[in-house]
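Below is one structure, written out as structure tokens, with a few remarks after it.
Just so it is clear: chains get the letters A, B, ... in the order the sequence lines come, proteins before strands, and each one is counted from 1. Keep in mind that the numbers below use all heavy atoms, side chains included, and drop hydrogens, waters and symmetry copies.
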Amino acid sequence: KAGVTQTPRYLIKTRGQQVTLSCSPISGHRSVSWYQQTPGQGLQFLFEYFSETQRNKGNFPGRFSGRQFSNSRSEMNVSTLELGDSALYLCASTGGLSYNEQFFGPGTRLTVL
Amino acid sequence: AQKITQTQPGMFVQEKEAVTLDCTYDTSDPSYGLFWYKQPSSGEMIFLIYQGSYDQQNATEGRYSLNFQKARKSANLVISASQLGDSAMYFCAMRGGGATNKLIFGTGTLLAVQP
């Protein structure tokens, strides 16, 4: 069974640009969550999607948005990039709601210059 | 509000010895789940073990066990027979009650296994 995949693995952008990150969950999983990891703030929850609906949203500005498709693949978008958006973005795949195992992808490392 | 506290920024352990990584939590939810993840330098978060708040027994997964003390709100990870490959960052996380998979993470403990 394939694991969680995230593309691209690395990205370099400049301030003001926008970026789209993709996450493909484990086959059959319907829940995808996104996290931002930085040295200063640690791991912070961005949002969660279940069956194409946003279930929860973290405390991030509106520049951060996401969506989930009918095949459970999810994308997150960051518009008007700032230097502080440089981070490792991780997505997690879960079989359903409140399941016992959440599997993470390898992450996308975004650098904003 | 939910909170996870990991008070050990870094730890050393000798190969083949056991090590305990501390985690305390705070929540008002009667139903919650506790997770431990390992993050090597590559960045990927590797799921290690899960403990539900209503589980009567401590969770175990191979060399990993979770010392769950509900009254003290602690969920320490015990790694037995440490291996060099165990050197990594370890995160404790909590999922609250309700229909959510949102995890709250601690700040992590960097474990270094010495030969």
Side-chain angles (χ1 to χ4, degrees), chain A residues 3-6 8-10 23 25-26 29-51 53-60 66 68 72 74 87-111, chain B residues 1-7 9-10 23 27 29-55 57-61 64 66 68 75 88-110:
Chain A
V4 182
T5 58
Q6 290 187 246
R9 294 292 311 278
Y10 302 91
C23 172
I26 292 170
H29 283 193
R30 295 162 62 192
S31 172
V32 173
S33 300
W34 288 89
Y35 296 84
Q36 181 197 63
Q37 186 177 24
T38 60
Q41 300 298 317
L43 279 150
Q44 293 185 287
F45 172 78
L46 280 156
F47 25 66
E48 174 194 1
Y49 287 88
F50 180 77
S51 294
T53 301
Q54 188 179 87
R55 300 289 299 197
N56 286 286
K57 189 176 191 303
N59 189 25
F60 279 82
Q68 187 180 34
S72 294
S74 178
L88 178 66
Y89 290 88
L90 293 159
C91 81
S93 163
T94 311
L97 290 177
S98 302
Y99 270 43
N100 296 346
E101 295 180 344
Q102 294 194 36
F103 298 97
F104 280 79
T108 294
R109 195 169 293 276
L110 172 65
T111 302
Chain B
Q2 298 175 339
K3 187 176 181 181
I4 292 282
T5 301
Q6 294 181 257
T7 57
C23 172
T27 181
D29 288 330
S31 175
Y32 51 89
L34 296 158
F35 299 74
W36 276 93
Y37 286 89
K38 171 185 178 181
Q39 188 177 43
S41 56
S42 62
E44 184 168 1
M45 297 286 281
I46 302 168
F47 168 78
L48 295 178
I49 198 166
Y50 168 84
Q51 179 85 41
S53 59
Y54 293 119
D55 293 343
Q57 295 195 339
N58 288 343
T60 60
E61 290 284 351
Y64 304 107
L66 200 153
F68 181 47
M89 197 74 168
Y90 288 80
F91 290 96
C92 180
M94 176 170 61
R95 182 191 63 219
T100 179
N101 287 310
K102 172 185 175 180
L103 295 177
I104 304 295
F105 284 88
T107 52
T109 296
L110 183 60

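Note: B:Phe47 and B:Tyr37 have perpendicular aromatic rings, judged against thresholds of 30 and 60 degrees for the angle between ring planes.
The shortest side-chain heavy-atom distance between B:Arg95 and B:Asn101 falls under the 4.5 Å cut-off.
To the nearest 0.5 angstrom, B:Cys92 atom SG is 6.0 Å from B:Leu34 atom CG.
Around NZ of B:Lys3, the count of heavy atoms belonging to other residues, nucleotides or ligands within 6.0 Å does not exceed 12.
Contact count versus chain B (heavy atoms, under 4.5 Å) is highest, among A:Ser33, A:Ala92, A:Pro106, A:Gly105, for A:Pro106.
Proximity to chain B is limited to the side chain of A:Gln37, based on heavy atoms less than 4.5 angstrom apart. Proximity to chain B (any heavy atom under 4.5 Å) is shown, for A:Phe47, by neither the backbone nor the side chain.
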